[in-house]
Amino acid sequence: MADFVVTSGGVSVGAFDLVKDVLGEIGSIDFWQVAMQPGRPLAYGRIGQTTFFGLPGNPVASLLAFMLFVRPALLALQGLADPLPRFEPGRLAHGLRRGRRDELVRARTRVEADAVVLEPLTGQDSHQIARAAWADALVWVPAGEGELPAGSLAGYYRLP
C-alpha cells in the first residue's frame with residue numbers, strides 16, 4: 001500500500017475532470033480548490049490510510065501546487081519540524097495588479113544595493129512552462145484591489 005498518491009489533471013470542473021469524483025467514491029475529500037492563481041483546482045483527501053493530492057493539469061499550476069502544498073506535506077511526513085515554504089522580502093521592479101485571488105507571479109531576482117529586486121516575467125499563463133523555466137522566484141501578490149506599485153515590498157519564495 002502507498003503512503004502518498006499524487007495525480008496531475010482531472011480535478012477541475014470540465015467534462016473530463018473525473019479524479020475528484022472518483023476520489024469521493026473510493027475515499028474522502030478534505031478540501032478541493034484553493035484561493036490562489038495559478039493552482040486553484042487542487043484536491044486533497046485520503047484513500048484509506050493513504051494521503052492523496054490531485055494537482056491541476058496545467059503544467060505551471062501543477063508545479064506551483066506541488067511546491068507549496070505537496071512538497072511541505074512530504075517533508076512533514078519525513079519528520080521535518082518546519083516544512084512550510086519560506087517567503088522573504090523583496091522589492092518589485094514593476095507594479096503588479098491585484099486580483100480576486102492571491103496570485104503567485106513567476107519572477108527573476110537580482111541584488112541591487114541592499115535589496116533583492118523582483119523582476120516579474122512576461123507570459124504568466126499556467127500553460128507556459130517554457131517561460132516559467134526562467135523563474136527563480138515566486139512573488140506573492142495578495143488578493144485585493146488596485147496595484148502593488150514598483151518599489152514596494154513583496155514576499156517571494158526562492159525556487160529550489
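Atom CG of Leu55 sits about 10.0 Å away from atom CZ of Phe69, to the nearest 0.5 Å. The distance from the CG atom of Asn58 to the CZ atom of Arg40 is 14.0 Å, given to the nearest 0.5 Å. Here the CZ-CG distance, from Arg108 to Leu159, works out to 10.0 Å after rounding to the nearest 0.5 Å. Separating the CG atom in Asp102 from the CH2 atom in Trp140 is a distance of 5.5 Å, to the nearest 0.5 Å. Distance check, rounded to the nearest 0.5 Å: CG of Leu138 to CD of Glu103 gives 11.0 Å. Here CG of Leu74 is found 11.5 Å from CG of Leu80. Values are rounded to the nearest 0.5 Å.
Salt bridge present: Glu119 and Arg110 bring a charged side-chain N and a carboxylate O closer than 4.0 Å.
Remark: side-chain polar atoms of Ser8 are paired, donor with acceptor, to backbone N or O of Pro56 under 3.5 angstrom. Although no hydrogens or angles enter the test, the distance criterion places no donor-acceptor pair under 3.5 Å between the side chain of Arg46 and the main chain of Gly27. Arg71 contributes no side-chain N or O that, together with a main-chain N or O of Phe66, makes up a donor-acceptor pair within less than 3.5 Å.
For the pair Phe52/Val6, no side-chain contact is recorded, criterion being any heavy-atom separation below 4.5 Å from C-beta on. Counting heavy atoms from C-beta outward, Val116 and Leu118 have side chains that approach closer than 4.5 Å. Under the 4.5 Å side-chain criterion, counting only non-hydrogen atoms from C-beta, Pro72 is in contact with Pro85.
Under a hydrophobic clustering in which Ile, Leu, Val, Met, Phe, Trp and Tyr are joined whenever their side-chain heavy atoms come within less than 4.5 Å, directly or via other members, Val70 and Leu84 fall into different clusters. Note on Val5: it clusters hydrophobically with Ile26, by side-chain heavy-atom contacts below 4.5 Å among ILVMFWY residues. Under a hydrophobic clustering in which Ile, Leu, Val, Met, Phe, Trp and Tyr are joined whenever their side-chain heavy atoms come within less than 4.5 Å, directly or via other members, Leu42 and Met67 fall into the same cluster. In the hydrophobic cluster analysis, where Ile, Leu, Val, Met, Phe, Trp and Tyr join through side-chain heavy atoms closer than 4.5 angstrom, Val117 is grouped apart from Val105.
The aromatic rings of Tyr157 and Phe87 lie tilted to each other, with the angle between the two planes from 30° to 60°.
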Q) What's the verdict on side chain to side chain contact (heavy atoms under 4.5 Å, CB included) for Met36 and Arg101, showing C-alpha distance, side-chain angles and the deciding distance? A) CA-CA 5 Å; Met36 82 176 201; Arg101 295 188 288 264; 5.7 Å; no
Q. Hey, mind stepping through Arg86 and Asp82 against side chain to side chain contact (heavy atoms under 4.5 Å, CB included) and telling me if it holds?
A. CA-CA 10 Å; Arg86 297 200 191 293; Asp82 186 13; 2.9 Å; yes
Q: Take Asp3 and Thr50 through the side chain to side chain contact (heavy atoms under 4.5 Å, CB included) test and state the conclusion after the steps.
A: CA-CA 5 Å; Asp3 293 324; Thr50 301; over 6 Å; no
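Of the N and O atoms on the side chains of Ser152 and Arg91, not one donor lies less than 3.5 Å from an acceptor on the other residue.
Aromatic pair Phe53/Phe4: centroids less than 6.0 angstrom apart.
When every heavy atom of Pro120 is checked against every heavy atom of Leu96, the shortest pair comes out as CG-CD2, 3.8 Å. Summarising the geometry of Thr7 relative to Gly54, their closest heavy-atom pair is OG1-CA, 3.4 Å, with the distance given to 0.1 Å. Between Pro83 and Leu75 the shortest heavy-atom distance is CB-CB, 3.8 Å.
Judged as a side chain to side chain contact (heavy atoms under 4.5 Å, CB included), and not counting sequence neighbours, the contacts of Glu88 are Tyr156, Arg158.
If you run side-chain contact (heavy atoms from CB on, under 4.5 Å) between Arg106 and each of Val139, Thr122, Leu64, only Leu64 comes through.
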